[in-house]
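What follows is a single structure, written as structure tokens, with notes after it.
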Amino acid sequence: MLIAGLRKTSFVDYPGQPCAVVFTPHCNMNCTYCHNDEILRGSVPLVPQEEVMAYLEKRAGTLRALTVSGGEPTLQQDLVPFIERVKALGYLVKLDTNGMKPAVLQQLLLRELVDYVAMDIKAPPEKYDAVTRVRCDLDAVRRSVYLLQNSGVAHEFRTTFAPELTAEDVVGAAELARGTERYFLQQYRPRREGDLPAHPPSYVQETAARVREAIGVCQVRGL
């Protein structure tokens, strides 16, 4: 599997567990606010998979979890055998995904290869293409939501409160995950000079309250 980065220890990328994080290159979206865009462009050197496995083998029994992030991991042809090797070492595995490859997600769920899944919901349906800057298959997004909600696997849905989104937009995005037990509204952070400013914290909190009123759950991250 192609790996564009390894974070050896993280205390924020797996709920309740210190973990390692691997980042896969390439994505089928092009969100303006992406913090890993250098990975998406393939402009960073790859990390040999066996180097990653050697680290995980060394830390097995001490480090309990691995998060597979990106980019979009479900684009990787060898994702399943890679995770199989990781699970064989006794690790919990979390997948970060945008939900555009429900067939891959279904395979991972059926083979019990993931212990936690975090799926991004980018926008309400009418703004998905504008926010991701690609033509999105909303049926695929909805299929992934359905698979997770009926999987029995711990999962969350999350939306980054990008500058181009309004409170009404976030509520519309959250409606795609109605019935979930975990929904997170993440504060956007400008990356470079000239980026649009983030929404004020008070507006983020007000929006989260509107989401809770609409679907029953919402927590804020990043304030």
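Just so you know, these numbers come straight off a predicted model, no measurement behind them.
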Problem - Minimum heavy-atom distance between P73 and L79, given as atom pair plus value - result: O-CD2, 3.6 Å
Practice task
Looking only at non-hydrogen atoms, find the nearest pair between F161 and T207 and report the distance.
Solution key: CE1-OG1, 3.4 Å
Practice task
Please say whether more than 12 non-hydrogen atoms of neighbouring residues, nucleotides or ligands are located less than 6.0 Å from CZ in R182.
Solution key: yes
Problem - Heavy-atom closest contact (V211 atom, V170 atom, distance) - result: CG2-CG1, 3.7 Å
Handout entry: salt_bridge(E72, K101) N-O dist < 4.0 Å
Key = no
Problem - Atom pair CG (L63) and CG (L92), whose distance is rounded to the nearest 0.5 Å - result: 10.0 Å
Handout entry: Heavy-atom pair of closest approach, residues D129 and C136
Key = OD1-N, 2.9 Å
Could you pull out every donor-acceptor pair under 3.5 Å between side chains of residues 106-125 and any protein atom, sequence neighbours left out?
{"unit_1": "R111", "atom_1": "NH2", "unit_2": "E84", "atom_2": "OE2", "d": "2.4"}
{"unit_1": "D115", "atom_1": "OD1", "unit_2": "K87", "atom_2": "NZ", "d": "3.2"}
{"unit_1": "D115", "atom_1": "OD2", "unit_2": "K87", "atom_2": "NZ", "d": "2.6"}
{"unit_1": "D115", "atom_1": "OD2", "unit_2": "V93", "atom_2": "N", "d": "2.8"}
{"unit_1": "Y116", "atom_1": "OH", "unit_2": "E156", "atom_2": "OE1", "d": "2.6"}
{"unit_1": "D120", "atom_1": "OD1", "unit_2": "R158", "atom_2": "NE", "d": "2.9"}

Completion exercise
Note: Y14 and L66 closest approach over all heavy atoms is CD1-O, 4.3 Å
Exercise for the section: Return the set of residues passing ring-ring contact (aromatic ring centres under 6.0 Å, His included) with Y55 (not counting sequence neighbours), or none when no residue passes. Expected result: none
Practice task
Would you check if the side chain of T166 reaches a backbone N or O of D169 as a donor-acceptor pair within less than 3.5 Å?
Solution key: yes
Handout entry: More than 12 heavy atoms from other groups under 6.0 Å of CD on E213
Key = no
Handout entry: Stepwise side-chain contact (heavy atoms from CB on, under 4.5 Å) test for N98 and N28
Key = CA-CA 9 Å; N98 60 29; N28 45 9; 2.8 Å; yes
Handout entry: Cationic N near anionic O, under 4.0 Å, R143 to D137
Key = no
Practice task
Would you check, one step at a time, whether the test side-chain contact (heavy atoms from CB on, under 4.5 Å) holds for V131 with L165?
Solution key: CA-CA 8 Å; V131 170; L165 297 177; 3.9 Å; yes
Practice task
Please say whether more than 12 non-hydrogen atoms of neighbouring residues, nucleotides or ligands are located less than 6.0 Å from CD in E181.
Solution key: no
Problem - Whether over 12 other heavy atoms sit under 6.0 Å from Y203 OH - result: yes
Exercise for the section: Using a strict cut-off of less than 4.0 Å between a Lys/Arg side-chain nitrogen and an Asp/Glu carboxylate oxygen, indicate whether K94 and D96 qualify as a salt bridge. Expected result: yes
Practice task
Check the hydrophobic clustering (I, L, V, M, F, W, Y; side-chain heavy atoms under 4.5 Å; chains of links allowed) and say if L75 and M1 are grouped together.
Solution key: no
Problem - Donor-acceptor contact present, side-chain Q219 to main-chain A208, <3.5 Å - result: no
Practice task
State whether the side chain of R7 and the backbone N or O of A20 hold a donor-acceptor pair below 3.5 Å, judged by distance alone.
Solution key: no
